[in-house]
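Reviewing the structure listed below.
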Protein chains: 2
Amino acid sequence: MLTIGALARKTGTKVQTIRYYEQIGLLPEPGRTEGGQRRYGDAELDRLSFIRHARQLGFSLGAIRELLDLSDHPNKPCHEADTIARRQLKEVEQRLVRLEALRTELERMVRECSGGRTADCRVLEVLRDHSECLTDHTEAGA
Amino acid sequence: MLTIGALARKTGTKVQTIRYYEQIGLLPEPGRTEGGQRRYGDAELDRLSFIRHARQLGFSLGAIRELLDLSDHPNKPCHEADTIARRQLKEVEQRLVRLEALRTELERMVRECSGGRTADCRVLEVLRDHSECLTDHTEAGA
DNA sequence: ATACATCCTACAGCCACTAGAGGTTCAACC
DNA sequence: GGTTGAACCTCTAGTGGCTGTAGGATGTAT
C-alpha cells in the first residue's frame, strides 16, 4: 500500500496533481486509513502511469478519459483508440509545421539584428511590420 | 478614429481581448466618446498590431511587455530585444525536438495497431507500458 | 513522549483568453 | 425627430491543467 507521496514519486507526479485527478474523476477514490489518509494499490499505480504517459504524449485529459474507458473494456473494438491516437498525431503534425515557421522567422530576426540602438533593431522592426515576414505563421499561437 | 470593433477587425483580435489587454496594462486607456465608448487612433493600432504579431510568434505577454518597453525607448541598446528573441527561439527549438519525438512515437503506435479488440490494442498497450517507447518524450507536455 | 515529515481540506492563482448576462450608445434610415 | 438594431459597455465566471499556500491533522521513528 502506497501513500500519496510514494505514488507521486513512483510516477513522477506532484501530490496535488494526483488529488486533482481524483477530483475530476480520472482516478477513483482510493481507500483511506483510519485517520483519513489515502492509500493506493497497484491498480491505481497502473492507472496513474497510463495517465502520465498519455499526458507526456500530449493527449488531453478528455482524450485520456476516453482511452481509459476503452482500456477498461477489453472486448470493445479497438478503432476508437486508433482514432484518438490518429487525431493526436494530426495535431502534433500541425503544431510541428507551425513551430517550424516560427523558428524560421525567429532565426531570421535574430540573425539580422545588428546590435545597435533599439531604434534600428531588426527584431522590433519585424514585429512592427508584419509584411517583413516570409512565412505564414498566423494562428501559430504557442 | 476607430471603434473597438473596427480595431478588432483590423488586427484580427477579438473585442474582449483588446479590453483584456487594456485591463492588464498592455494597451493604454484610450479616449472615450461622451457616451463612454472607446475610440482608438493610429498609435493604438500600431501597438496592438505589434502585440498580435509577437503573440503569433509565440512570445508571452510578459516578453511582449518587455519588447514594447524597449520599442518605446529608441535610444536604448538593442541587445535586450535580441536576448528576448533568442530566448524565444531556444524555446521554440526545444518544443520542436520534443514534438518530433512525440510524432515518432504516435506514428509507431498508430502503425502497429492491428484493429482488433481493445485488449490487444497496440495504442493502449504502449500507453500502459512506458518501456515500449523508443524515444524519450518525458516532460514533453503539450 | 516528542519531533517532524507527510498528509488533509479548501481555496486562490497561473496564462491568455473566451463567453455570457443585462444594460447603454451610436449611426443610419424614415 | 423618432425608431431600429448593431455594436458598445461593465461585470462575472469559466476554460485546461495544474500549482501553491494556509492552517491543521496524522503517521512513524526514536
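Every chain is numbered from 1, with letters handed out A, B, ... down the list of sequences.
Checked against side-chain contact (heavy atoms from CB on, under 4.5 Å), E80(A) has the following partners two or more places apart in sequence or in another chain: L70(A). Judged as a side-chain hydrogen bond (donor to acceptor under 3.5 Å, both in side chains), and not counting sequence neighbours, R65(A) has no contacts. In this structure K76(B) satisfies the salt bridge (Lys or Arg N to Asp or Glu O under 4.0 Å) test together with D69(B), sequence neighbours excluded. Applying the salt bridge (Lys or Arg N to Asp or Glu O under 4.0 Å) rule to R103(A) yields no partners; only residues at least two apart in sequence or on another chain are considered. Residues satisfying the side-chain hydrogen bond (donor to acceptor under 3.5 Å, both in side chains) criterion with T3(B), sequence neighbours excluded, are absent altogether. Here R9(B) pairs with nothing under the salt bridge (Lys or Arg N to Asp or Glu O under 4.0 Å) rule; sequence neighbours left out. For the side-chain hydrogen bond (donor to acceptor under 3.5 Å, both in side chains) test, no residue two or more places apart in sequence or in another chain qualifies with D46(A). Under the side-chain hydrogen bond (donor to acceptor under 3.5 Å, both in side chains) criterion, E125(B) pairs with R122(B), not counting sequence neighbours.
DNA chain D lies under 4.0 Å from at least one heavy atom of each of the following residues of residues 34-42 of chain A: G35(A), Q37(A).
Here R9(B) lies out of heavy-atom contact (under 4.0 Å) with every strand. I24(B) comes within contact range of no nucleotide atom at all, as no heavy-atom separation falls under 4.0 Å.
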Run the side-chain donor-acceptor check on residues 16-25 of chain A: report pairs under 3.5 Å with partners two or more places apart or on a different chain.
unit_1, atom_1, unit_2, atom_2, d
Y21(A), OH, R52(A), NH1, 2.7
E22(A), OE1, R38(A), NE, 2.7

Using atom names, set out every protein N or O paired with an N or O of nucleotides 16-18 of chain C below 3.5 Å, distance rounded to 0.1 Å.
unit_1, atom_1, unit_2, atom_2, d
dA16(C), O3', R55(B), NH2, 3.4
dC17(C), OP2, Y21(B), OH, 2.8
dC17(C), OP2, R55(B), NE, 2.8
dT18(C), OP2, T17(B), OG1, 3.3

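Put simply, chain A comes within 4.0 Å of DNA chain D, heavy atom to any atom, from dG17(D) to dG27(D), going 5' to 3'.
With contacts defined as side-chain heavy-atom distances shorter than 4.5 Å, the pair Q88(A)/L57(A) does not qualify.
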